[in-house]
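So that the names make sense, note that chain A is the first sequence line, chain B the second, and so on, each numbered from 1.
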Amino acid sequence: MYCQVIIDIVHENVASPFTYRIPEEMELIPGQRVAVPFGRREKEGIILGLSETCDLDESRVKDILRPLEDYAAVPAELMELAGQMALEAHCPLAETLRLMLPAQMRGGRIHVKTEKTAVLNVQAEKALAMAEAEKRSPKRAAILRMLADGKVHMVSELASAVKEPREALRKLAADEIILLSEEESLRVPGSSFGSLQNPGFTLTAGQREALDEILPCLTGKGGRFLLHGVTGSGKTEVFMAAVQETLTLGKSAIILVPEIALTPQMVSWFRGRFGPVAAVIHSRLSPGERFDEWRRIRRGEARVVIGARSAVFSPARDLGLIVVDEEHESTYMSDHHPRYDAREVALNRCARENATLILASATPSILSFARARRGDYMLLEMPRRVKDRPLPEVEIVDMREELENGNRTVLSASLRRTLKECVTRGEQAMLLMNRRGYNSFVSCRSCGYVVKCPNCDISMTYHVASNDGMLRCHYCGQAMRPPETCPECGGKYIRYFGAGTQKVEEEVAKLLPGIPTARMDYDTTGGKDGHGKILEEFRSGRARVLIGTQMIAKGLDFPQVTLVGVIAADMTLNLPDYRSRERTFQLLTQVAGRAGRGEKPGKVIIQTYKPEDPVIGYAASQDYRSFFEDEFRRRRRGLYPPFTLLVRFLTESRSEEAAVRTADQLEREIRDMMENHPAWQKKVLLVSNDTPGVKVLRGKNRRHVLMKLLVGPETDEMIAAMTELAREPAGDTEVWFEVNPTTMI
DNA sequence: AGCACGCCGACT
DNA sequence: GTCGGCGTGCTC
């Protein structure tokens, strides 16, 4: 027998399978990991397939050394998934296969943990009699009495009654009175999140209706749902019930959450409700715990998996359901190689394994909602909050008026007043400073005008004076000098935005002397568990005002918070990214949902230089539908995803000249390629060659070639050709190729 | 990815 | 004359 093995090396040169002979008496199956001789070294590999014959010269074929486990580490469905992903991403199979295994499992770094056990080897009566006789050895007597029940006991358990039992055990074993052996032990992660009993409450009508659609699918061939419910409508309860039903049917469920550290409630609910059948995968697990959780899942002992995006690759037995909570979150998009979208993988797996998919969000992504409307997903709407609690009152403050009234600070008069009242009442407030990215945009403080690219309908980015002080469009490379006066109203207050959380904290300290505040942003969450510490400070009430970037807006539940202030809603709106409107809407809607989660009603103040922007209004009234229709039209009109594909080649080199030269070379080759393929040429809307937002990163000079493509039947071929193009060696310049890059810096 | 082989400059 | 630079090429 022979087998095809994928060697665990990610390199084009060794990407295709290698043939090995399977020695007599060795039984192997596809998906199993093996050790093989490779060159003059030993390597790990995964069996792709088996065959009776081999078309290679016998003498060149080597023998499999040994299996690494006695089961297939990658089950058949995940083998197929890895294959398809490698094909789509144009990357070696070894790379996608790595996603299917806990990283620590590779390279033999992790071992199955065993625990020593002891069991009686003689009749219980005889043991008890011996215990009586063992006058001189109380330890042996005690051990014999404990083992007299005939059951297998852990040595650690015996050790808690008898100190240092090792010598006594050794003697008993030598006399063949007891048997010592080792048993595999699983490190079940401690209940670091506690275990909250979820109060069993009766379902609302909305929840009932949603479940009536979902539950029948679980028994059959599966279904696809987009669960759209306003903040506080009880989406969690719906998919918890679906998970319960999945377990009742003897199947497994995977629940994906955007960031496990931010959803401790969910984890404790699941632990409380499902006990040890729930496996929780999060970044704080030790390598050993992670591996053991993986094995519990692989064996079918854990049938509920909760984790971040990589949990979508869990080897769940008989998969019945995948839930993607907060479906719109960008964390579902992997940020390093091989790039994948956990939502797409979930969809793929569900189709493959006849499982049901539930995407849940209060603010679904444009893509998912568009699909739901097209009929790809069944749309389940829950427009009401539980107990018919009202949505918080939202006030929009026009910051241009503040300026006219002589207020040049970051806090409006209204926010100052409300904040003071809130704190005086002993309640808590959250202030969101949604600043992102390195660069700032340029805006007129008198009329709200923002400098936009003439070709792209995207705000231009100011490149600091130490760079070249120009305004640039990150999409097409258009550059211009910043205007001295506002082209719209002629005003002189053209400003470069860039104020941060620190500034806000200073203002709050001036307004409320002596009131403790907490600040949460990239600068303050550096240390180990910096996140948790700051949040705890706020949760405990020691800090009364929490000031932070968008990390404070996600899924947090502080019942004492009655005021949420958004310092400058336009900040994310004017980022040079076609997704900025979507992100702003999501952020504002989600943050508005943070206020008034307890008994007391909440208030939200949104400060903006552009109160007339519909996105602000849609978020204030939590009107998802109108936002969607508006944004979908805008994308179609502006030819943005999902109607088009953005593609980028990034060159990086120590030498600026080399980075530029390589980018120029790529551009020429791309243009040649398009000349040779008239059908492809028609799909190309834009080719630009320019300096990216960050010109030098980690000491490397950078340059990028951007393309916008219309999606069509030839898309995949074009991507494949461009992938090849990017692979060509370019001296000391590195070339990165990306489709729909997550970031454009 | 590693690790061989292989062909040109400064050293015991 | 050799030791060693890292350019090309192969690994079932």
* To do: For the side chain of A:K62, starting at C-beta, report the closest nucleotide among B:dA1, C:dT11, B:dG2.
  => C:dT11

* May I ask you to say what A:V10 touches in the nucleic acid, namely base, sugar-phosphate or nothing, with a heavy-atom cut-off under 4.0 Å? => sugar-phosphate

* **Atom-pair distance (NE2 on A:H11; P on B:dA1), nearest Å** => 5 Å

* Within the structure shown, what part of the strands sits under 4.0 Å from A:V61 by heavy-atom distance: base, sugar-phosphate, or nothing? -> sugar-phosphate

* **pair A:P37-A:L65: side-chain heavy atoms closer than 4.5 Å** => yes

* To do: Measure the acute angle between the ring planes of A:F313 and A:Y340, then classify it against the limits of 30° and 60° as parallel, tilted or perpendicular.
  => perpendicular

* Structure fact -> Among the nucleotides C:dC12, C:dT11, B:dG2, whichever has the atom closest to the side chain of A:L56 is C:dC12

* Asked: Taking CD1 from A:I9 and P from C:dC12, how many angstroms apart are they, rounded to a whole number?
  -> 10 Å

* Looking across every strand, which nucleic acid part, if any, lies under 4.0 Å from A:P37 by heavy atom: base, sugar-phosphate, or nothing? -> sugar-phosphate

* Mind checking A:Y20 for me? I need base, sugar-phosphate or nothing, with any heavy atom below 4.0 Å counting as a touch. => sugar-phosphate

* To do: With heavy atoms under 4.0 Å as the rule, sort A:R40 into base, sugar-phosphate or nothing.
  => sugar-phosphate

* Given atom CD1 of A:I64 and atom C1' of C:dC12, what is their separation to the nearest angstrom? -> 10 Å

* **Side chains of A:R21 and A:M1 in contact at under 4.5 Å (non-hydrogen atoms)** => no

* For A:E44 and B:dA1, what is the distance between atoms CD and P respectively, to the nearest whole Å? -> 17 Å

* Ignoring the backbone of A:T19, work out which of C:dT11, B:dC3, C:dC12 is nearest its side chain. => C:dC12

* To do: Check the distance between C:dT8's C1' and A:N13's CG and give it to me in whole angstrom.
  => 11 Å

* **Criterion side chain to side chain donor-acceptor pair (under 3.5 Å) on A:Q84 and A:E80, from CA distance to verdict** => CA-CA 6 Å; A:Q84 190 189 341; A:E80 286 171 26; over 6 Å; no

* For the pair made of CG in A:D8 and C1' in B:dG2, what is the distance, rounded to whole Å? -> 14 Å

* **Atom pair distance, as rounded to whole Å: CZ in A:R41 and P in B:dC3** => 5 Å

* Asked: Should the pair A:R309-A:D335 be classified as a salt bridge under the 4.0 Å nitrogen-to-oxygen rule?
  -> yes

* To do: Mind calculating the distance between CD1 (A:I6) and P (C:dC12) to the nearest angstrom?
  => 14 Å

